[in-house]
There are 4 protein chains.
Amino acid sequence: MTAQPPTASVRHDTVQVDLRGIYAGIRGQTVAIAAPLAPEDQVIQSMPDTSPTKWHLAHTTWFFETFLLKPHLPGYAVLNEAYDHLFNSYYQQIGSPFPRPRRGLLSRPTVEEVLDYRAHVDSAMDALLGDPSLAPLIQLGLNHEQQHQELMVTDIKHALSVNPMDPAPFGPRRAQRAPVSPMAWLPFAGGLREIGHEGDGFTFDNEGPRHRHHLETFALASRPVTNGEYLAFIDAGGYRDPSLWLAEGWTAIAERGWQAPLYWERGGGVWTRYTLHGREEIDPAEPVTHVSYYEAAAYAAWTGYRLPTEHEWETAARGIAFGERGLDLAGLEPAAAAGEGLRQMDGAVWQWTMSPYAPYPRYRPAEGAIGEYNGKFMSSQMVLRGGSCATPRGHTRATYRNFFPPDARWQFSGIRLAKDE
Amino acid sequence: MTAQPPTASVRHDTVQVDLRGIYAGIRGQTVAIAAPLAPEDQVIQSMPDTSPTKWHLAHTTWFFETFLLKPHLPGYAVLNEAYDHLFNSYYQQIGSPFPRPRRGLLSRPTVEEVLDYRAHVDSAMDALLGDPSLAPLIQLGLNHEQQHQELMVTDIKHALSVNPMDPAPFGPRRAQRAPVSPMAWLPFAGGLREIGHEGDGFTFDNEGPRHRHHLETFALASRPVTNGEYLAFIDAGGYRDPSLWLAEGWTAIAERGWQAPLYWERGGGVWTRYTLHGREEIDPAEPVTHVSYYEAAAYAAWTGYRLPTEHEWETAARGIAFGERGLDLAGLEPAAAAGEGLRQMDGAVWQWTMSPYAPYPRYRPAEGAIGEYNGKFMSSQMVLRGGSCATPRGHTRATYRNFFPPDARWQFSGIRLAKDE
Amino acid sequence: MTAQPPTASVRHDTVQVDLRGIYAGIRGQTVAIAAPLAPEDQVIQSMPDTSPTKWHLAHTTWFFETFLLKPHLPGYAVLNEAYDHLFNSYYQQIGSPFPRPRRGLLSRPTVEEVLDYRAHVDSAMDALLGDPSLAPLIQLGLNHEQQHQELMVTDIKHALSVNPMDPAPFGPRRAQRAPVSPMAWLPFAGGLREIGHEGDGFTFDNEGPRHRHHLETFALASRPVTNGEYLAFIDAGGYRDPSLWLAEGWTAIAERGWQAPLYWERGGGVWTRYTLHGREEIDPAEPVTHVSYYEAAAYAAWTGYRLPTEHEWETAARGIAFGERGLDLAGLEPAAAAGEGLRQMDGAVWQWTMSPYAPYPRYRPAEGAIGEYNGKFMSSQMVLRGGSCATPRGHTRATYRNFFPPDARWQFSGIRLAKDE
Amino acid sequence: MTAQPPTASVRHDTVQVDLRGIYAGIRGQTVAIAAPLAPEDQVIQSMPDTSPTKWHLAHTTWFFETFLLKPHLPGYAVLNEAYDHLFNSYYQQIGSPFPRPRRGLLSRPTVEEVLDYRAHVDSAMDALLGDPSLAPLIQLGLNHEQQHQELMVTDIKHALSVNPMDPAPFGPRRAQRAPVSPMAWLPFAGGLREIGHEGDGFTFDNEGPRHRHHLETFALASRPVTNGEYLAFIDAGGYRDPSLWLAEGWTAIAERGWQAPLYWERGGGVWTRYTLHGREEIDPAEPVTHVSYYEAAAYAAWTGYRLPTEHEWETAARGIAFGERGLDLAGLEPAAAAGEGLRQMDGAVWQWTMSPYAPYPRYRPAEGAIGEYNGKFMSSQMVLRGGSCATPRGHTRATYRNFFPPDARWQFSGIRLAKDE
């Protein structure tokens with residue numbers, strides 16, 4: 001049996017003086033995601049891009065230990081010296097990270113020992129949570145932890161998907177099967193626009209500085225592309241027509257044998273997919289997900305439209321309410337879009353944009369190791385906007401920039417079309 | 001805390017009418033080896049050649065289910081249909097095995113579920129254990145299980161060795177540190193010899209047919225090469241002198257950076273090695289182990305002697321008592337050789353011979369899938385003779401032929417020298 | 001002995017009615033580049049990204065055969081049916097290209113047979129060169145051929161560089177060794193700028209459509225970074241400081257062991273580099289070249305400045321004269337910059353920008369196979385601007401967009417710094 | 001146009017006092033094999049196991065320079081210092097060989113320069129050819145050169161086979177198409193046999209020492225397996241039945257997609273194969289060739305028979321005349337066997353034995369670098385006996401041991417069956 005994790009989010013409008021409640025809520029959510037899993041599930045790593053569940057449990061804890069406790073809590077006693085090496089993800093300025101592709105070979109510390117580590121750090125953190133000067137770093141740690149909550153879901157989905165037994169650790173999916181509203185085009189005027197975050201709330205450094213960007217007029221699709229629409233692309237031979245594909249994409253589908261989104265299988269004339277609630281038949285009304293940028297771009301080319309730029313997407317997203325839907329352990333797949341207007345900007349699937357991930361004008365990463373958070377990944381990746389059914393509620397906003405390599409498929413990544421007007 | 005598994009062995013001299021006690025003993029030993037491990041330890045697979053502990057627990061059970069219960073127990077109900085695919089090792093004639101290098105990605109069935117599977121099969125097997133016509137197959141299954149007991153030890157040692165925390169699941173090693181007896185040469189006359197098994201007891205098919213083989217006179221070293229002797233080879237630059245190495249071996253040490261046996265590390269002027277009892281300093285009196293055939297051959301070349309052929313080894317081993325030492329969970333490293341005469345033919349390290357693994361004259365594998373047991377591996381491997389500190393007592397004999405590729409190092413493989421007389 | 005190829009260029013200001021002279025000139029240049037090479041040199045391919053010289057000779061010919069002669073010359077007789085498969089580079093809509101990494105395995109057709117193929121096609125092309133309706137396609141073919149002239153130089157440099165004999169097929173380098181002018185900062189005002197090509201002359205489709213882009217004020221370095229300046233970065237430990245590198249770059253230098261630009265070697269306390277004129281000592285006054293985007297970005301980070309965006313670069317390049325320097329077989333390395341103002345925007349090294357290669361707003365590739373020319377490569381590559389010492393004169397312009405993956409080093413790629421103002 | 005190379009062979013019965021004629025003959029044969037090739041053909045290397053033609057031309061010359069001229073000819077002047085590194089094959093005790101997989105990247109020295117190198121060495125060798133004390137080394141050099149003559153043929157066949165143009169550098173094949181004699185079983189008595197070379201003639205060190213080996217009675221097939229017989233195996237599903245294959249072989253055919261011998265293709269219902277005389281239809285009467293050991297063993301298993309051991313083969317070959325057929329540039333494929341009795345022990349295909357390549361009892365390699373010739377390859381290879389249509393006449397004998405890894409297919413390797421009696 002699985003349950004909805006306790007609701008908690010970082011408030012973005014004011015600096016928190018006392019983050020105790022929020023800290024407890026988010027840290028508890030992380031444990032709640034892992035709770036339905038067996039210890040065995042929490043060890044495995046199915047590809048170099050993913051990490052074991054217990055590694056996420058430990059790494060998010062390491063973050064608080066490294067950036068808060070060690071520098072700011074006099075007398076803080078480390079629980080285990082080895083953890084610093086084992087649970088550093090990629091901060092080259094802080095020791096040497098354990099090689100990422102080998103994280104799945106670490107049976108020790110066990111899940112229980114990792115939970116002890118969490119308790120040890122949480123207990124020590126209590127003394128720092130009321131310090132206003134540390135609130136920005138703590139908020140960063142909590143947003144970092146929310147990002148890993150989503151990765152825990154997508155990584156465990158990938159890991160369990162390779163098991164022919166189709167494990168369903170989160171139990172049956174809450175009944176969905178709803179009709180989808182028709183796709184409409186919503187127009188937006190061009191001109192010089194302000195892009196990027198402004199104001200007091202928490203943001204990642206890559207969301208700024210706010211700057212001007214010129215846009216031509218464009219229109220955005222009211223909702224993401226559905227499984228049914230994507231199936232039409234497959235049935236029309238989309239995966240066999242090189243004129244639709246980027247050169248890299250054509251090579252990727254040839255070398256890897258891609259014929260459909262990740263987790264899809266065809267058998268007995270029926271398309272099914274693996275989900276964390278077990279294998280299910282494809283619902284044509286639900287948004288297509290687990291597609292790479294290559295597939296998103298090829299699909300768009302097939303329709304005659306295109307993907308939006310991240311600037312277009314953000315411009316359209318101004319004024320939209322974010323965070324109403326998101327991570328729900330009883331429904332770890334995106335639901336069909338309902339209603340009029342701009343739907344599912346978040347809460348269903350991340351939306352590939354045609355914008356490579358690059359720094360905004362005058363962007364500078366923070367000094368020190370914390371500056372490795374975003375800036376050093378600004379090559380060979382594409383920006384996704386929005387938020388998915390695995391993104392914790394309250395985590396995203398209009399200016400949020402997610403990014404993955406163009407061949408990544410294990411995130412809940414989908415497609416929203418755009419066109420010139 | 002670890003303990004010696006309950007003693008049990010297959011008796012080789014007569015066909016057992018009722019194998020209940022032996023079956024229970026050996027099946028129980030397997031579980032006892034895994035008992036000190038955490039569930040997390042039992043999932044991981046550190047290289048394609050090894051398997052997770054829980055896979056061994058399940059595969060040995062699958063063997064009885066596949067070759068005994070399904071064909072011979074009317075009404076036998078399979079516990080889970082998926083297990084046949086997951087736990088078939090390499091029997092191509094029986095369905096399709098799950099890919100070996102991906103065994104470490106299977107978190108399900110969990111350890112607990114695998115133990116349930118063992119109980120299910122053991123319970124069903126009870127009806128067959130008294131049937132004399134099935135005794136040969138049951139004995140094969142039990143000897144097969146003993147082979148996997150040794151692999152459980154060597155595979156988990158490899159898996160835990162990659163963890164920088166140096167886990168010691170079997171607790172401290174029973175105190176060893178004993179002097180080693182000097183190496184002596186024991187001469188053996190040449191002539192036409194009988195090689196291979198003869199008699200009633202259980203043997204693997206590759207140990208026969210018994211046949212004649214001509215030998216020149218030779219001498220065999222009284223005991224295996226020690227760590228101290230091997231250190232002299234390292235210190236003399238043995239790993240840097242191409243004239244000592246097979247071409248393949250020279251390539252292997254260059255590409256993989258081998259400078260010492262597997263698990264050895266040098267730091268602060270001291271050589272240490274990982275063991276299942278934790279990291280320990282190298283004891284020069286103990287037999288060197290975890291060397292490849294390439295290293296064994298290079299060491300022999302450096303001494304001016306050579307490795308024995310398997311025929312020489314077997315000729316020398318006639319009349320030696322086997323099975324007095326072997327798997328002991330409180331001492332999972334080979335001890336220093338003591339005493340005069342031919343010592344440690346088993347119970348310490350498997351001994352690389354210079355004989356490639358090939359069929360004996362007139363050898364024919366058994367009909368059907370069971371014939372895949374040995375014969376199909378007769379290429380690109382070398383024969384090892386003897387038995388190691390991880391081999392269950394009573395499992396080996398003078399005619400026993402173990403075999404591994406020449407680059408394998410994760411077994412307890414060592415060196416016994418020979419020379420022409 | 002090598003000589004300067006006959007001067008020839010495509011004029012961009014008017015549509016040519018009769019392209020005979022230009023066609024003959026450019027086609028002749030291609031042959032002149034290969035002339036000093038032995039047949040053996042023209043076969044080899046030293047990595048998947050490069051092609052053999054004779055493949056370039058044939059492929060540029062295939063282009064005219066495929067896009068001009070076959071569709072537009074009634075009765076055109078193909079010389080050899082096999083060539084269509086062998087010399088198609090990547091046009092998936094036209095048959096199936098021979099696998100790129102295996103081009104170096106094709107000894108046949110021989111160099112002589114390829115030159116026959118060129119003569120066959122040139123002879124047939126004569127009938128089409130006066131047709132104004134075909135002039136755009138012919139111009140595309142000629143510009144395409146010029147691009148391959150540069151690749152012939154860079155590919156053969158890479159191929160010969162792996163030979164420990166340091167071949168110097170182009171003879172001694174024309175004496176260079178000149179002082180370099182000091183680096184100065186040239187400021188440019190921000191605001192809404194027009195980017196992309198406009199007018200009648202030939203351009204590639206990726207240079208348009210012309211569109212508005214907002215820039216902040218910035219400054220551009222007056223000349224490229226020199227070898228001497230780059231050596232200071234090396235000596236300061238630039239290759240060992242992870243804080244300077246993109247994550248991908250840090251991985252690249254670790255995995256490939258990069259410690260300096262491609263072709264550099266250090267021996268006896270002296271840095272030398274391989275050139276097509278033989279091995280020579282590094283001249284600190286000359287522009288650094290054969291660096292990847294990762295190295296360019298790390299160098300920029302070390303200085304505290306940054307690379308320009310392609311929009312900044314193009315804005316600064318407006319009004320600059322292009323094409324005065326370029327491919328010269330007697331001097332196949334970039335010379336030291338001399339003089340005041342913006343120097344060496346072309347003719348020395350391609351300049352990495354911080355702009356990922358992406359379509360301009362409202363860009364659409366051409367219909368049909370010719371549309372595969374540029375658009376399908378718009379992922380995971382970075383834009384370089386300018387032109388190098390291997391770029392044919394008259395080939396580039398302010399709006400020209402070159403593009404390579406961020407790890408590419410075998411082009412004459414260098415660094416020009418920029419900064420915010 | 002191709003022609004039969006001038007006949008020349010090393011006489012084995014007496015030590016030559018003056019080897020001038022033989023030296024000139026064999027050295028000339030080598031050049032004659034390369035003569036029909038274009039320079040472009042002589043550069044390419046299609047896989048790591050093969051070498052470019054011009055590398056063979058140079059390496060065989062290097063052998064005389066290194067082992068004869070440098071140590072034994074006072075005042076010998078090296079032509080080019082770089083050649084020692086470039087043309088050392090694998091003698092680790094003499095400097096460092098240029099990496100084998102990269103030999104195809106060496107365009108320089110050119111073919112012409114390599115022929116100059118041959119002339120330089122041949123001229124210098126003249127002074128040593130009359131020295132009886134050097135005759136053994138010179139004979140080794142000449143036999144070494146003959147081995148490379150065969151490799152030149154098989155390597156260039158592999159290299160040209162990847163070219164879709166099916167080059168036929170040796171012109172049309174001399175008409176063959178002859179009937180094949182029926183296969184008969186020839187019985188041989190068991191007992192203690194003498195194996196290995198004895199006497200004065202030249203042999204390689206791995207053919208001795210002569211020693212006793214016990215054999216059971218056996219029978220040998222009168223001729224090799226034909227294409228027609230092998231086709232029956234293919235048609236019967238031999239490549240899809242795992243029970244016939246060694247485990248390694250089953251993996252090899254799965255991973256590499258083998259469905260037939262190397263060079264075979266099926267199109268339009270017809271099997272054809274690439275030959276150095278162009279593509280031709282499979283002749284069912286000719287011996288099957290270009291099969292791996294895995295395929296040979298699987299074929300034998302399918303027939304119910306087996307491959308011979310090398311001891312059986314040698315015992316049967318005693319008294320057979322060797323060297324009557326062999327390398328003939330006008331017919332570079334094995335012909336159909338004609339006549340009664342033991343046919344085609346050489347001159348058609350090398351015959352895989354079931355014997356792994358291992359040292360004979362009391363074998364010791366020669367001292368120094370020359371000792372690297374054979375001994376260091378004694379692991380993971382199988383012995384082939386006989387000689388092929390590409391083996392120079394007079395090169396083989398009953399005791400000759402050829403050896404290749406079990407997956408090698410580019411030699412003229414075939415199958416002769418054996419059975420127990």
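Nothing here was measured: the structure is a model prediction, and the numbers come from that model. Just so we're on the same page: letters track the sequence lines, and every chain starts at 1.
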Q: What's the spacing between D:Leu73 CG and D:Leu68 CG if we round to 0.5 Å?
A: 9.5 Å
Q: CZ/C:Phe98 to CG/C:Leu106 distance, rounded to the nearest 0.5 angstrom?
A: 4.0 Å
Q: So what's closer than 4.5 Å to chain D heavy atoms on C:Pro39: side chain, backbone, both or neither?
A: both
Q: Taking D:Ala82, D:Pro164, D:Ala38, D:Gly104 one by one, which has the highest count of heavy-atom pairs under 4.5 Å against chain C?
A: D:Pro164
Q: Kindly indicate, with the supporting measurements, whether the criterion side chain to side chain contact (heavy atoms under 4.5 Å, CB included) is fulfilled by D:Ile156 and D:Ile33.
A: CA-CA 10 Å; D:Ile156 197 67; D:Ile33 294 168; over 6 Å; no
Q: I'd like to verify something: which residue of C:Leu86, C:Leu37, C:Leu105 has the highest number of heavy-atom pairs under 4.5 Å with chain D?
A: C:Leu105
Q: For a quick test of reading the model, state the closest non-hydrogen atom pair linking C:Phe63 to C:Gly141 and the distance between them.
A: CE2-CA, 3.5 Å
Q: Counting C-beta onward and ignoring hydrogens, is there a side-chain heavy-atom pair between C:Pro169 and C:Leu276 closer than 4.5 Å?
A: yes
Q: Write out the donor-acceptor pairs between chain C and chain D under 3.5 angstrom, atom names and distance to 0.1.
A:
unit_1	atom_1	unit_2	atom_2	d
C:Glu40	OE2	D:Val111	N	2.7
C:Asp41	OD1	D:Ser107	OG	2.5
C:Asp41	OD1	D:Arg108	NE	2.8
C:Asp41	OD2	D:Arg108	NE	3.1
C:Asp41	OD2	D:Arg108	NH2	2.5
C:Ser107	OG	D:Asp41	OD1	2.5
C:Arg108	O	D:Asn163	ND2	2.9
C:Arg108	NE	D:Asp41	OD1	2.8
C:Arg108	NE	D:Asp41	OD2	3.1
C:Arg108	NH2	D:Asp41	OD2	2.5
C:Val111	N	D:Glu40	OE2	2.8
C:Asn163	ND2	D:Arg108	O	2.9

Q: Quick one, D:Val291 with D:Leu262, criterion side chain to side chain contact (heavy atoms under 4.5 Å, CB included). Give me CA distance, side-chain angles, the key distance, then yes/no.
A: CA-CA 7 Å; D:Val291 292; D:Leu262 183 62; over 6 Å; no
Q: Nearest 0.5 Å please: distance from the CG atom of C:Leu160 over to the CD1 atom of C:Ile44.
A: 5.5 Å
Q: Go through the atoms of C:Ala159 and report whether side chain, backbone, both or neither lie under 4.5 Å from a heavy atom of chain D.
A: backbone
Q: At a 4.5 Å cut-off on heavy atoms, which part of C:Pro52 comes close to chain D: side chain, backbone, both, or neither?
A: neither
